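Presented below is the structure to which this report refers.
Everything numeric here is computed off the predicted structure, so don't read it as measured data. Quick note on labels: first sequence line is chain A, next is B, and so on, each numbered from 1.
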Amino acid sequence: MAGKENTMKKTLTVLLIAVIALSSVFAQGATEATAKAGSVYWLNFKPESDAALQELAAAYTAETGVAVKVVTAASGTYSSTLTAEMDKDAAPTLFVVGNAAGVETWGDYCLDLKGTKIADELSTDAYNLYDANGKLCSIGYCYECFGIIVNTDLLAKAGYKLSDIKNFATLKAVAEDIHARASKLGFDAFTSSGMDSSSSWRFTGHLANAALYYESVADNWTACPATIKGTYVANFKNLWDLYINNASVSPKTLATGGYDAEAEFGTGKAVFYQNGNWEYDALTSKYGLKDSQLAMIPFYCGVEGEEKAGLNCGTENCWAINSKTSAADQQATMDFMVWAVSSAKGTEILAKTFGAIPYKKAAAPANVFLAQANQYTADGKYVMTWAFNYTPNVDNWRAGMVSAMNQYDADQTAANWETVKTAFVQGWATQYAAANN
Amino acid sequence: MIDQKKKLSAEAARKLVLTIIFSIISVIYVYPVILVAINSFKVNTFVKTDTFAFPHGESFAGFANFVKGMTFGNYPFYKSVLYSFVITVLSSALIILCTSMAAWYIARVNSFFSKIIYFLCVFSMVVPFQMVMFTLSKTADTLKLNTPWTIPVIYLGFGAGLAVFMFVGFVKSVPLAMEEAAAIDGCGPVKTFFSIVFPVLKPTMISVGILEIMWVWNDYLLPYLVLDRTKYMTIPIHIQYLKGSYGTVDLGATMALIFLSIIPVIAFYLLCQKHIIKGVAAGAVKG
Amino acid sequence: MKKKDTSASVSSVLIRRPIKHWFPLFMGPMLIAFCIGFLYPFFKGFYLSFCQFRTTSDAKFIGLGNYLKALQDPTFVHAFWYTALFAVVSLVLINVLAFAVAYCLTQGIKGSNIFRTVFFMPNLIGGIVLGYIWSMIFDGILMKYNTSILLNSTYGFWGLIILIAWQQIGYMMIIYVAGLQAVPTDMLEAAMIDGASRRQTLWKITIPNVMPSITICTFLSLSNGFKLFDQNLALTGGQPFLFQADGSQVRTTEMLALNIYNTFYGQGANSRGIAQAKAVLFFVLVAAIGLIQLLSTRKKEVQQ
């Protein structure tokens, strides 16, 4: 019996000590938080820009002495990383809320940016995101343009000029002709359109956007619609068929992908490559292509009046300030943002990293595609905005499209295209219902 | 006499046949690992298109992939290796020591309380990581267990289940008679454990050790959520950063880094092979 | 659960009581870490399954709503049956093969060490990477037949089985080897002297003595089969999807862990709460199955 008592005593003492130790740790944690001066913690969205942003942060700290921490989330994990980091004592003060669904989820963590210093620096409101109550939740910090990149030298070798391509009909004629003569010319029309996760977003996102954009204009979308009609899915099919049937790889091999379309284009194996302005860096430095060889044409898909179309511009990179951090942190963050978009050093680094930033004092980027986008706008052509930012659940919708398109690629029947249409139209409706019940 | 000889040569023949069969199976079995090794020397674009071919001519990239993988991003690769190493060694040592002691306690003191703990350990093996992932990350943050030196506590907590489960199973192979003899000789529980039970459990410890080392060395999610990534990274996190935000993966560099991360573990396993045999021959005293 | 030894009272005094005094040293560290690293997150996770939350700190209690939604979700039910089938098939395949290999490699044939290393090597490669490698291999083969692993659920299923068998046989083999080496040699010698055939020795002596290993391996492969995530994500990602007329999609090769993961970042204001509820249901189901299996095999174990 005495033995048992002793053990109880020993256990209790140990537990008591443990509790005391733990609580002292907790107490320490609490006091630490209040004593800090304002600092910035940016949870970055793009792994490629990590190095440049570390440089930006270091430059700011050197100049002002304010601590800036930039942590980059691994590709495709932004949502889970943000969830984990927001929970911690030192939560991010600057984070990315990129589309309507993001505003739904993180809306009440966003500081209202209307009328703030950083909002004053904007050169356009096109990339702002508002919530249902009109609160300005996030503002774009860079934007991108997407379209079909063309190698004008190869196009010339095939006997065509850039001005020959004005709409879908002409694009189709040129592409099919090049594809027919591919073995003689030594290059093909389109690069491979792989459907693995590294490449499918180009088609389930930006290419499908053509159909969404035209419908958004026709039906005047101002918020996420509960259902969509899919009026322009046939046009999406026009371009998709063109892509997969006029490339050097068989459509049946696209499901697992693994192709390197950028390399195919960079090494001169294809004339057309769908992607965005950010490719400029890789194409010129890695593959040595020259400015004069590069151009970008809009998504011509057979819609009435598309001769007036411009590039597909928009962004998912929008800054939001954490409204739940201390006032000192919020102020420090806002100061950092203003510095980044207006100081010489800041704008230089941002221009180099992101290309186009929608701010008044932005440095002019050397990017040929962006210059072209501006030219299109100057010529009065309309910008094809990122209507897919309205998608109720981007990941689910695109995953469904990938699966449906894989089945279509394997066997290009009308029935299989109906599956794609179902994923497009009914998928949206079901996902909207699930997200808003 | 002749019968004995016949039996022996039949034995030998059977063993030879088995050796041959296993040699063939082994080559096929290890093929995917060889594939990783081959592809780490291939130029990135050829990894997917010519997966099975040997690198030659324009697809041969020499050590370019290795260099690229190790110098990518602004975090030095050798540091990732160092931290992976630190975390793995500390966690495994901590787990083996603490759980073997706990398992011995549970198996010998068969009380209601210890049975509850045992069942909790078993159940912990079934819990999907997503269920506890975010809370664990918050807890680690609150208790400041977020450096490579303190994260082993979390690994002990989450990995204790499996280790305790396995040790309890094997403690039954330690003869009670030996422990009783030691106790009669005047050994306290601590001495009994370390001088008698510990040596007998060696093969089990190595088996459990290998499992824990494999788990911690390849673990991506826990260090990713818990560690401050501007200061500390591990090899799996480093490999994951090779994936660009547009989803492009530099397959050549990825294969190279994977290959590099496999080498220490193979080396470790080959070293331990000797100890398993030694331990069983010398340490296990039966009957 | 434990067989009553004849010297029960002796061991109780000599072994049991002294050890109990040393409770803080033997159990202390493990228990503290276990509470921090598992018990607290688990119970908090359990609590969160009754809440609506975005980060774990802003949880609002809402009662059983999440559970109702989880049970009504057809993808969850599909994922459960699919995963159960997968777990059973993989369990049988892996354990039979692992035991056979371990048995052969403890017979003292030439090169056993090399073979054991070779069989263990697959375990060195982590989940997602393994998925990529096997996806390359399967599609390298399937491309010749003009199909892909992402286009056919049956190929997806067997692909996953092959992948997990390849990875885990070595793992289980190690445990079986340790167990086989612990079989008392005197019993084996006695059997040989008595003229028992190879098969009789195997079934009557070896297997009962290897029961601890069998218990552990069966339980491990069962729980691994149910918990499979990284490889599922990397190999098939749940494809191919079957589309219902109303646009909802059934991910035909999606297993439970992937389903929970997708729910986490899925649609709905409270997708996370529902995902937690699914995780709890998953845990309860697998724990129940595992418990039944454990109890039945533990009974057959032999204490020295």
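Of the possible polar contacts, one joining the Trp217(B) side chain to the Ser261(B) backbone as a donor-acceptor pair under 3.5 Å is found. No donor-acceptor pair closer than 3.5 Å links the side chain of Arg272(C) to the backbone N or O of Phe53(C). The main-chain N or O of Gln107(C) is found under 3.5 Å from a side-chain atom of Lys15(B) such that the two form a donor-acceptor pair. In terms of modelled atom types and a separation under 3.5 Å, the side chain of Asp58(C) and the main chain of Thr55(C) share a donor-acceptor contact. Under the 3.5 Å distance criterion, the side-chain polar atoms of Gln276(C) are left unmatched by any main-chain donor or acceptor of Leu48(C). The backbone N or O of Gly273(C) sits nowhere less than 3.5 Å from a side-chain atom of Lys278(C) that would complete a donor-acceptor pair. When atom types are taken as modelled, the side chain of Thr215(C) and the backbone of Met211(C) share a donor-acceptor pair closer than 3.5 angstrom. Tyr29(B) places a side-chain N or O within donor-acceptor distance of the main-chain N or O of Trp166(C), the cut-off being under 3.5 Å.
Within the 4.5 angstrom heavy-atom criterion, no atom of Phe226(C) approaches chain B. Using a 4.5 Å cut-off between heavy atoms, Leu31(C) touches chain B through its side chain atoms alone. Phe193(B) touches chain C through its side chain: at least one heavy atom from C-beta onward sits under 4.5 Å away, while N, CA, C and O do not. With a 4.5 Å cut-off on non-hydrogen atoms, Ser111(B) touches chain C through its backbone and its side chain both. With a 4.5 angstrom heavy-atom cutoff, Ser23(B) touches chain C via backbone and side-chain atoms both. Only the side chain of Ile25(B) comes within contact range of chain C, judged by heavy atoms closer than 4.5 Å. Within the 4.5 angstrom heavy-atom criterion, atoms from both the backbone and the side chain of Met125(B) approach chain C. With a 4.5 Å cut-off on non-hydrogen atoms, Ile95(B) does not touch chain C at all. Using a 4.5 Å cut-off between heavy atoms, Ala165(C) contacts chain B through its backbone alone, with no side-chain atom that close. With a threshold of 4.5 angstrom between heavy atoms, Ser49(C) does not approach chain B through any atom at all. When heavy atoms are compared at a cutoff of 4.5 Å, Phe113(B) approaches chain C solely by way of its side chain, counted from C-beta outward. If you measure heavy-atom distances from Leu294(C) to chain B, the contacts under 4.5 Å come from the side chain alone. Contact of Leu145(B) with chain C is made through the side chain alone, with heavy-atom distances under 4.5 Å.
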Audit row: Tyr171(C), Asn224(C), side chain to side chain donor-acceptor pair (under 3.5 Å) steps and yes/no:
CA-CA 12 Å; Tyr171(C) 198 97; Asn224(C) 284 339; 4.5 Å; no
Worked check of side chain to side chain contact (heavy atoms under 4.5 Å, CB included) between Phe134(B) and Phe264(C):
CA-CA 11 Å; Phe134(B) 290 121; Phe264(C) 237 108; 3.4 Å; yes
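Looking only at heavy-atom pairs under 4.5 Å with chain C, the residue among Ser114(B), Ser26(B), Cys98(B) that has the most is Ser26(B). Between chain C and the options Tyr31(B), Phe123(B), Trp215(B), the largest number of non-hydrogen pairs under 4.5 Å is found for Phe123(B). For the options Cys121(B), Ala163(B), Pro236(B), heavy-atom pairs under 4.5 Å to chain C are most numerous at Cys121(B). Annotation: maximal heavy-atom pairing with chain B below 4.5 Å, among Phe119(C), Phe229(C), Tyr261(C), occurs at Phe119(C). With chain C as partner, the option from Thr139(B), Val208(B), Ile154(B) having the largest number of non-hydrogen pairs under 4.5 angstrom is Thr139(B). Considering only heavy-atom pairs separated by less than 4.5 Å from chain B, the leading option among Thr56(C), Leu25(C), Leu39(C) is Thr56(C). Comparing Val27(B), Ile117(B), Ile21(B), Leu35(B) by how many heavy-atom pairs each has under 4.5 Å with chain C, the most go to Ile117(B). When each of Leu120(B), Asp219(B), Thr99(B) is scored by its heavy-atom pairs under 4.5 Å with chain C, the top score falls to Leu120(B). In terms of heavy-atom pairs under 4.5 Å with chain B, the best-connected choice from Leu222(C), Ile260(C), Val101(C) is Val101(C). Each of Ala257(C), Pro41(C), Gly170(C), Gly179(C) has some count of heavy-atom pairs under 4.5 Å with chain B, and the biggest count is that of Pro41(C).
Looking at Ile214(C) and Tyr176(C), their side chains come closer than 4.5 Å, going by heavy atoms from C-beta outward.
The two residues Met255(B) and Val36(B) make their nearest non-hydrogen contact at O-CG1, 3.8 Å.
Ring-plane geometry between Trp134(C) and Phe138(C) is classed as tilted, the angle between the planes lying from 30 to 60 degrees on a 0 to 90 degree scale.
More than 12 non-hydrogen atoms from other residues, nucleotides or ligands lie less than 6.0 angstrom from OH of Tyr103(C).
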